[in-house]
Protein chains: 2
Amino acid sequence: MSSASPSTVSLVTTPTPRPKRATVHDVAVEAGVSRGTVSRYVNGERYVSASAREAIEAAILKVGYVPNTAARNLVMQRSQAVGFIVHEPHSLFVEDPNIGEILLGANTALSEADYQMAVLIVDSERDTERVARYLSGGLVDGVIIVSARAYDPISRVVERLNLPAAYVGHPPGASTASFVTIDNRGSARAITERLAATGRRRIGMIAAALDRDSGADRLAGFTEALGDRFDERLVEPVALYSYSAGRDAMQALLERAPDVDGVFAASDAVAAGAMEALRAAGRRVPDDVGVVGFDDSAWAKRTLPGLSTVRQPAAGLGRQAALLVLGQLRGEAGAQEVQLESEVVWRDSA
Amino acid sequence: MSSASPSTVSLVTTPTPRPKRATVHDVAVEAGVSRGTVSRYVNGERYVSASAREAIEAAILKVGYVPNTAARNLVMQRSQAVGFIVHEPHSLFVEDPNIGEILLGANTALSEADYQMAVLIVDSERDTERVARYLSGGLVDGVIIVSARAYDPISRVVERLNLPAAYVGHPPGASTASFVTIDNRGSARAITERLAATGRRRIGMIAAALDRDSGADRLAGFTEALGDRFDERLVEPVALYSYSAGRDAMQALLERAPDVDGVFAASDAVAAGAMEALRAAGRRVPDDVGVVGFDDSAWAKRTLPGLSTVRQPAAGLGRQAALLVLGQLRGEAGAQEVQLESEVVWRDSA
DNA sequence: TGCAGTTCTGTGAACGTGCACAGTTTCGAG
DNA sequence: CTCGAAACTGTGCACGTTCACAGAACTGCA
């Protein structure tokens, strides 16, 4: 920065000699006005004369002023950031395309409102503690919570802090928080009925994540659709919405009920695994067994044949959740529920 | 929340009456010591007597004190956060499992060092401007940059701000920043040689993302491995590492060179697409055509037969990049290059 | 000219920390 | 008992902003 004279070698010991930033004070001096006026200009408030405005604009450009967010946050008592809390094992974060979509949808909406997103992944006990501390630190003004399970300690922390929050999916416990969902039950019923309408007689289900509302509701819809043709022995429950779980479950189901001719898988990933197991067992899809999934994620277009499924607007879920939080931040009324539309997408797997 | 008495309806106009937080001052009063002593205790410094410590501990518990991060950031001139900049179309963020893995690896390392990660996705012009403003705002102490392309405006902003940074992949331009990579060229050479060793005579490549070092290096390694048996007409370039691109490219390649009996796809997603096209064209894998990919992502285990590929330690890349940034933050020496090991994973597709 | 209303401006006080520095106590050695 | 070092403690200032408030300048109207 300064041209060191050849004789004196100045050894810089400070780690990163980042250039000191211009403050609102520097701008004020440069423009020949006061701090207050500069602040008003920056925040787009009234009562700034034309001449002052011009001088300030020039000064800002000259000194390269950018507001210091920490100082602003301190005095405004807010952070202009929203936490995105994911309650999943790391592996599923990668495997489940839905979460990525939800994150993107939320990030887009937050960006548009000039909010920042802080990603918080909770996988272990240690994470829980760390995230709780983080939330308490006042670093986020609100949170979006994805895939919380029953009796989630993080949810309790959020409630205690009275932090604006929106859940993707039903919130656990008796909380009165806002949330955004799709009609899992109705959609599951619809696609099961559609599958039945193709003439299948022995329809099974690979149910997943029954400890979450999404999983439980999909099973409920399935049961409802079949009515008295429902056979409990044709339901195979698995823990997670994963490919490998679907494959193993289908294998088990085939052993127990070789005459099964239709399968509703609780997610596309599960369905893809099931199709793999069917292929390995020499069953043709859809000729021998019809398969339907749920999500319409990237999986559905990859399978062969293309998977019939329910389109879940994942990005829209994230976006809506963000909007709910932003609404609360603007002081709008409390708990809201939003249900987004989902539709059956019929391809060739059934 | 509060049980309003029937006669007096109190209309709450303040947005969220968040409980006011205890400050270091409150703790000091409660414990009967000074602010300075509390501050020393909180930051684990020396010179706090046993009696003071006990009193402070009790006081903190009683008033529920949590340090205010904004105030701390302001006085310390840092934010304790690192930006994670992704330079990709939104769609690919979802489709490419690598990015998710890299993000997780980085997030883990940052969390362990008590740093927070802010996700910044750059997709449009508007995003570029927004992110530049964000970086200038002093909200991050450093950045991890994924998949930057040549002449990236964000990279220039980072350089101008003198912000500690680490790239995943070679940084664009003549920048002297730190970065972490794998040996794309050597690995591509290795797997191509291995493919050739299975007796293939007409080996083609679906090259992708040639405007990035990863894409260009993989093509270079391929060329190198084949030597004078290299045939330029067997190279099909595509823009992105995507499934659909792989499918279309394979189709084109088959039309131009029906005698092709081996294919190196620039990524697993591309390879999966290629296998789909081969299947549609009635070619058997590996009997008629051997296929190999790159990444060892979730795709590789899903294909049928399992894909031979190069294992890329995606989480490790993210982790290393985070460590490089953290190192610079601690004031350690400047630009470093780290190369992680990658290995050929041989399955059944070739 | 006086006066009220509006528009504009500057000043001082927060916000909640960390840090330098000055001051006080403790303690062991001479 | 004295003295100096080491262990502790408290105070004021700085960080960069917003906000309330007091006051100045400008308007239009009587």
Side-chain angles (χ1 to χ4, degrees), chain A residues 14-15 18-57 59-60 63-81 114 133 136-139 141, chain B residues 14-15 18-57 59-60 63-81 114 133 136-139 141:
Chain A
T14 50
R18 215 122 22 110
K20 50 224 135 294
R21 305 172 38 177
T23 75
V24 75
H25 177 77
D26 301 330
V27 176
V29 170
E30 179 70 30
V33 297
S34 74
R35 287 176 4 246
T37 308
V38 176
S39 175
R40 276 187 288 273
Y41 168 78
V42 171
N43 296 328
E45 280 170 33
R46 289 168 40 174
Y47 302 144
V48 179
S49 67
S51 61
R53 175 163 36 247
E54 280 169 30
I56 292 173
E57 277 167 358
I60 285 182
V63 303
Y65 169 72
V66 181
N68 180 314
T69 324
R72 179 177 280 173
N73 289 350
L74 176 60
V75 69
M76 306 279 286
Q77 311 267 51
R78 58 162 175 63
S79 67
Q80 206 70 357
D114 258 309
R133 206 173 59 235
S136 309
L139 280 185
D141 299 332
Chain B
T14 49
R18 212 108 43 95
K20 51 224 136 295
R21 304 172 39 178
T23 75
V24 74
H25 176 77
D26 302 329
V27 176
V29 170
E30 179 70 31
V33 297
S34 74
R35 290 177 4 250
T37 307
V38 176
S39 175
R40 275 187 290 273
Y41 169 78
V42 170
N43 297 328
E45 279 169 35
R46 288 168 41 173
Y47 302 146
V48 179
S49 67
S51 61
R53 176 164 33 248
E54 280 169 30
I56 293 173
E57 278 167 358
I60 286 183
V63 302
Y65 170 71
V66 181
N68 180 314
T69 325
R72 179 177 278 175
N73 289 349
L74 176 60
V75 70
M76 305 281 286
Q77 311 268 52
R78 58 162 175 63
S79 66
Q80 205 71 357
D114 258 308
R133 206 173 58 234
S136 308
L139 279 185
D141 299 334

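Just so you know, these numbers use all the heavy atoms, side chains as well, and skip hydrogens, waters and symmetry mates. Predicted model only: the values in this text are computed from it and were never measured. Residue numbers begin at 1 in each chain, while the letters A, B, ... track the order of the sequences.
For B:S49 and D:dT9, the shortest distance from a side-chain N or O to OP1 or OP2 is below 4.0 Å.
The two residues A:V38 and A:I56 make their nearest non-hydrogen contact at CA-CD1, 3.9 Å. Nearest heavy atom pair, residue B:R35 against residue B:V24, reads O-CG2, 4.2 Å. For the residue pair A:E30 and A:A59, the shortest heavy atom distance occurs at CG-CB, 3.6 Å.
Rounded to an integer number of Å, the gap from A:I56 CD1 to D:dT17 P is 13 Å. Note: CZ (A:R78) to C1' (C:dG16) measures 16 Å, nearest angstrom. What separates CZ of A:R21 from P of D:dC15 is a distance of 14 Å, to the nearest Å. For B:L139 and D:dG16, the CG to P distance is 15 Å, given to the nearest whole Å. Atom NE2 of A:H25 is separated from atom C1' of C:dG12 by 15 Å (rounded to the nearest Å). Atom CD1 in B:I60 sits about 10 Å away from atom P in C:dT17, given to the nearest Å.
Considering B:N73, B:D141, B:T69 as possible partners of B:S79, the one that fulfils the side chain to side chain donor-acceptor pair (under 3.5 Å) test is B:D141.
Of the residues in residues 63-75 of chain A, A:L74, A:V75 come within less than 4.0 Å of DNA chain C through at least one heavy atom, sorted by number. Contacts between residues 33-48 of chain A and DNA chain C, defined by a heavy-atom separation under 4.0 Å, are made by A:V33, A:S34, A:R35, A:G36, A:T37, A:R40, A:R46, A:Y47, A:V48.
A:T37 places a side-chain heavy atom less than 4.5 Å from the side chain of A:S34. Two residues are said to be in side-chain contact when any heavy atoms from C-beta on lie closer than 4.5 Å; A:V33 and A:Y41 fail this criterion. When side chains are defined from C-beta on, B:I60 does not count as touching B:E57, because their heavy atoms never get closer than 4.5 Å.
Not a single salt bridge (Lys or Arg N to Asp or Glu O under 4.0 Å) links A:R53 to another residue, sequence neighbours left out.
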